[in-house]
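Note sheet for the following structure.
Proteins come first, then strands; the chains are lettered A, B, ... in the order of their sequence lines, and each starts at number 1.
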Number of protein chains: 2
Amino acid sequence: MRERKISESTIHRLSHYYRALNTLEKEHFETISSKELAKREKLTPAQVRKDLSFFGSFGTRGLGYPVKELKGRIAKILGIDRTWNVALIGVGNIGSALVSYKEFQRQGFNIKVLFDSDQRKIGSNHKGITVLDTDHLEEELQKNKIELVVLAVPASAAQNIVDHVVHCGIKAILNFAPIKLKVPDDVEIRTENMAMELEYLSFTLVNNKKGERKKT
Amino acid sequence: MRERKISESTIHRLSHYYRALNTLEKEHFETISSKELAKREKLTPAQVRKDLSFFGSFGTRGLGYPVKELKGRIAKILGIDRTWNVALIGVGNIGSALVSYKEFQRQGFNIKVLFDSDQRKIGSNHKGITVLDTDHLEEELQKNKIELVVLAVPASAAQNIVDHVVHCGIKAILNFAPIKLKVPDDVEIRTENMAMELEYLSFTLVNNKKGERKKT
DNA sequence: TATTTTTTGTGAAACCTTTCACATTTTTGT
DNA sequence: ACAAAAATGTGAAAGGTTTCACAAAAAATA
Ligand SMILES: NC(=O)c1ccc[n+]([C@@H]2O[C@H](COP(=O)([O-])OP(=O)(O)OC[C@H]3O[C@@H](n4cnc5c(N)ncnc54)[C@H](O)[C@@H]3O)[C@@H](O)[C@H]2O)c1
Ligand SMILES: NC(=O)c1ccc[n+]([C@@H]2O[C@H](COP(=O)([O-])OP(=O)(O)OC[C@H]3O[C@@H](n4cnc5c(N)ncnc54)[C@H](O)[C@@H]3O)[C@@H](O)[C@H]2O)c1
C-alpha cells in the first residue's frame with residue numbers, strides 16, 4: 001500500500017484544481033504550469049506541485065502538466081470518475097433545493113431516493129423521484145445500493161436517522177442539521193454549517209480583521 | 001491595540017463552544033470545566049483553554065468557566081451580541097430555503113431585503129419581505145444599511161453582483177455560487193461549496209481513509 | 001486552618017502545513 | 001548540437017497549530 005496521510009486542505013485544493021482544469025480544457029489549453037494554475041487559484045506554485053506530488057509525478061519539466069490527463073488523474077483521486085448513489089433524507093426547504101440542483105447529478109452524485117416522515121410528502125414526486133417513508137429507510141438504502149447520504153432533517157431528528165444510516169453500512173454523510181452527530185470512526189460525516197460561516201463573517205466585521213492585519 | 005492573529009479554526013471552535021454553552025445553560029449548569037466542554041465537542045481540554053486564552057482569562061482555577069458569562073463573552077467576540085442587517089440576492093431554490101430558515105433571524109442575522117433580476121419574482125413576497133429589482137441594488141443596500149450579503153445567484157452572475165456589492169462598502173459576503181470570486185483584501189467572502197464537500201466524502205470512500213488510518 | 005484536589009493559564013515541545021530553493025529534466029532557440 | 005530558458009519534484013526551512021506539562025490559584029475536604 002502507498003503511504004497515506006493527505007490533509008483535508010490538500011483534498012479541497014484538488015477540487016479547486018479540478019474545476020480550474022475543466023475551464024482550461026474548455027479554453028483549449030494543452031498544458032498548464034504550476035505557476036499559472038496557482039495564479040488562477042490564488043495559491044503558490046510550490047503548493048500546487050507539493051499537493052500533486054503526494055499522488056505521483058504528473059508533469060513534464062520545462063513544460064508543465066497535461067491539462068486533460070491531470071484532470072482525469074484528479075478525478076480518479078477524488079473518486080469522481082464514476083457515479084455515486086445518493087439518498088436525500090428530509091425533503092423540506094433545503095432538501096427540495098438540493099433535489100432541484102442539477103449540478104450534483106452532473107457531477108456524478110446521483111440522488112436516487114428521497115425520504116421523509118411527513119405523510120403529506122410521502123408518495124409525492126420531486127424531479128421524478130418519489131418520496132419514500134423513513135420507516136423503510138434501512139431496507140430501501142440497501143435495495144438501492146446507496147453509498148452516500150445527504151441529511152436535511154431538523155436537528156432533533158438527525159441523530160436517530162444517522163444511527164439507522166450507519167447501521168446499514170453507509171460510510172459517508174453530508175449533514176445540514178446544525179448539530180454535532182456521533183458516528184463510528186470509520187464513517188465520514190461532513191457538516192455544512194451555514195450559521196457558523198455567518199458567525200465567522202460577523203467576527204471579521206467586529207474585529208475589522210482585514211483592515212489592521214499586521215500585529216501592532 | 002491588542003495583538004491579533006486568531007486562526008479560522010479557533011473562530012469556528014468558538015462557534016461550537018457557544019452552542020455547547022447554550023445547551024449547558026438550558027441544562028442549568030453554572031460552571032463548566034475545559035475538560036467537560038472538550039468532551040462535549042470532541043476536543044482536548046488544552047485546546048479549549050488555549051482558544052479562550054487568546055481573548056482573556058474567563059475561568060476560575062479549581063472551578064472552571066461560568067457558563068452564562070462565558071457564553072456572553074463569546075457572543076461579544078463573535079459579534080453576535082447584536083443584530084446584523086442582511087440582504088439576500090437571488091431568490092431561487094437555495095435562496096428561498098434560506099429566507100424560510102428562521103434560525104438565522106433568531107441568531108441575529110436579520111434578512112431585511114431580497115433581490116432578484118427575474119421580473120416574475122420582483123415584487124413578490126417571501127416571508128413578508130418583498131423582492132426588489134437588482135437594478136436598484138446599490139441604492140437599496142445603502143438605504144437599508146445592509147452590512148452583510150448572502151449571494152444565491154447562478155455562478156455566471158455572481159462576479160458582477162459582487163462588484164456592485166463591494167462598491168457600496170459591504171465587507172462581508174456569504175456566497176453559494178461554486179466559483180472563486182474576486183474581492184478586495186478588506187472584504188471577507190466565505191464560499192459555501194457543497195460540491196466540494198461531496199468530493200471530499202467521495203475521496204474518503206475511494207481511499208477508505210478511516211479504515212487504514214495508520215501509515216503502512 | 002491546613003492539606004488535598006481540581007482546574008486554569010501558558011510557555012515549550014511536538015506535530016503539521018506551507019514555502020523556499022535548487023538539482024534535474026525537458027523544451028526552445030540559435 | 002549546444003546553450004539558455006522553463007518548469008517539475010522534493011528535501012529542508014519556516015511558519016502555524018495543537019498538545020503537553022506544570023506552576024499557580026482556587027475550591028473542597030478534613
Ligand atoms: N432552510 C435552510 O436554509 C437551512 C439552512 C441551514 C441549515 N438548515 C438545516 O437543514 C435542516 C432542514 O431544514 P429545512 O429548513 O429544510 O427544514 P424543513 O422543516 O423545511 O424540512 C425538514 C424536513 O424533514 C422532514 N423530517 C422531519 N423529521 C423527519 C424524520 N424523522 N425522518 C425523515 N424526515 C423527517 C420534515 O417532514 C421536512 O420535510 C435543519 O436541520 C436545518 O437546521 C436549513
Ligand atoms: N440549489 C441548490 O441546492 C444549490 C446547492 C449548492 C449551490 N447552489 C448554487 O446556488 C446558486 C443558486 O442556485 P439555485 O439552485 O437557487 O438557482 P436558481 O436558478 O433556482 O436561483 C437563482 C436565482 O437568481 C436569480 N438571478 C439570476 N441572475 C441574477 C442577477 N443577475 N441578479 C439577481 N438575481 C439573479 C434568478 O432569477 C433566480 O431566482 C447557484 O450558484 C448554485 O450553483 C445551489
Tabulate protein N/O versus nucleotide N/O from nucleotides 25-30 of chain D, keeping only pairs under 3.5 Å, one per line.
| from | atom 1 | to | atom 2 | distance (Å) |
| --- | --- | --- | --- | --- |
| D:dA26 | O4' | B:R61 | O | 3.4 |

What pairs of residues pass the salt bridge (Lys or Arg N to Asp or Glu O under 4.0 Å) test when at least one of them lies in [range], not counting sequence neighbours?
range                       : result
residues 86-110 of chain A  : A:E103-A:R106
residues 146-156 of chain A : A:R82-A:E147
residues 152-179 of chain B : B:K171-B:D186

- prompt: Is there a Watson-Crick or G-U wobble partner for C:dT7 with both distances under 3.5 Å, and if so, which one is it?
  reply: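 Pair assignment: C:dT7 / D:dA24.
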query: Looking at A:I94 and A:M194, what are the two nearest heavy atoms and their distance?
result: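 Heavy atoms of A:I94 and A:M194 come nearest at CD1-CE, 3.9 Å.
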- prompt: Contacts to DNA chain C from residues 14-27 of chain B, heavy-atom cutoff under 4.0 Å, which residues?
  reply: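 Nucleic-acid contacts, sorted: none.
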task: Not counting sequence neighbours, which residues clear ring pair (Phe, Tyr, Trp, His ring centres under 6.0 Å) with A:H12? List them please.
output: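 Ring pair (Phe, Tyr, Trp, His ring centres under 6.0 Å) check on A:H12 returns B:Y200.
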All ring pair (Phe, Tyr, Trp, His ring centres under 6.0 Å) counterparts of A:Y101, not counting sequence neighbours: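 A:F104.
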In whole angstrom, give the distance that lies between atom [atom1] of [X] and atom [atom2] of [N].
X     : N     : atom1 : atom2 : result
B:L70 : C:dT8 : CG    : C1'   : 13 Å
A:F58 : D:dT8 : CZ    : P     : 14 Å
A:F55 : D:dT8 : CZ    : C1'   : 17 Å

Less than 3.5 Å apart, which donor and acceptor atoms pair up between the side chains of residues 53-62 of chain B and the rest of the protein, not counting sequence neighbours?
| from | atom 1 | to | atom 2 | distance (Å) |
| --- | --- | --- | --- | --- |
| B:S53 | OG | B:K50 | O | 2.8 |

field: Salt-bridge criterion met for A:R19 and B:E199 (N-O under 4.0 Å)
entry: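 Result for this pair is yes, salt bridge flagged.
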- prompt: Is B:R13 salt-bridged to B:D51, cutoff N-O under 4.0 Å?
  reply: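 Answer for the salt bridge query: yes.
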Close N/O contacts between protein and nucleotides 15-19 of chain C (under 3.5 Å):
| from | atom 1 | to | atom 2 | distance (Å) |
| --- | --- | --- | --- | --- |
| C:dT18 | OP1 | A:R13 | NH1 | 3.0 |
| C:dT18 | OP2 | A:R13 | NH2 | 2.9 |
| C:dT18 | O5' | A:Q47 | OE1 | 3.4 |
| C:dT19 | OP2 | A:T44 | OG1 | 3.1 |
| C:dT19 | OP2 | A:Q47 | OE1 | 3.4 |

task: Tell me whether the OP1 or OP2 atom of C:dT6 has a side-chain N or O from B:Y65 closer than 4.0 Å.
output: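 For C:dT6, OP1/OP2 do not have a side-chain N/O of B:Y65 under 4.0 Å.
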query: Near DNA chain D, which residues from residues 30-40 of chain B have a heavy atom under 4.0 Å away?
result: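 Per residue number, the list is empty: none.
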query: Is A:K112 close to A:I129 at the side-chain level, that is, under 4.5 Å between some pair of heavy atoms?
result: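 Not in contact.
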message: Less than 4.5 Å apart, side chain to side chain, heavy atoms only: is that true for B:L52 and B:L14?
response: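 The answer is yes, as the side chains (C-beta and beyond) meet within the 4.5 Å cut-off.
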Salt bridge (Lys or Arg N to Asp or Glu O under 4.0 Å) against A:R190, all qualifying residues, sequence neighbours excluded: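 In terms of salt bridge (Lys or Arg N to Asp or Glu O under 4.0 Å), with neighbours along the sequence ignored, A:R190 is linked to A:E8, B:E197.
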field: Where at least one partner belongs to residues 62-72 of chain B, residue pairs that pass side-chain hydrogen bond (donor to acceptor under 3.5 Å, both in side chains), sequence neighbours excluded
entry: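 Qualifying pairs: B:N22-B:K71, B:E25-B:K71, B:E69-B:R73.
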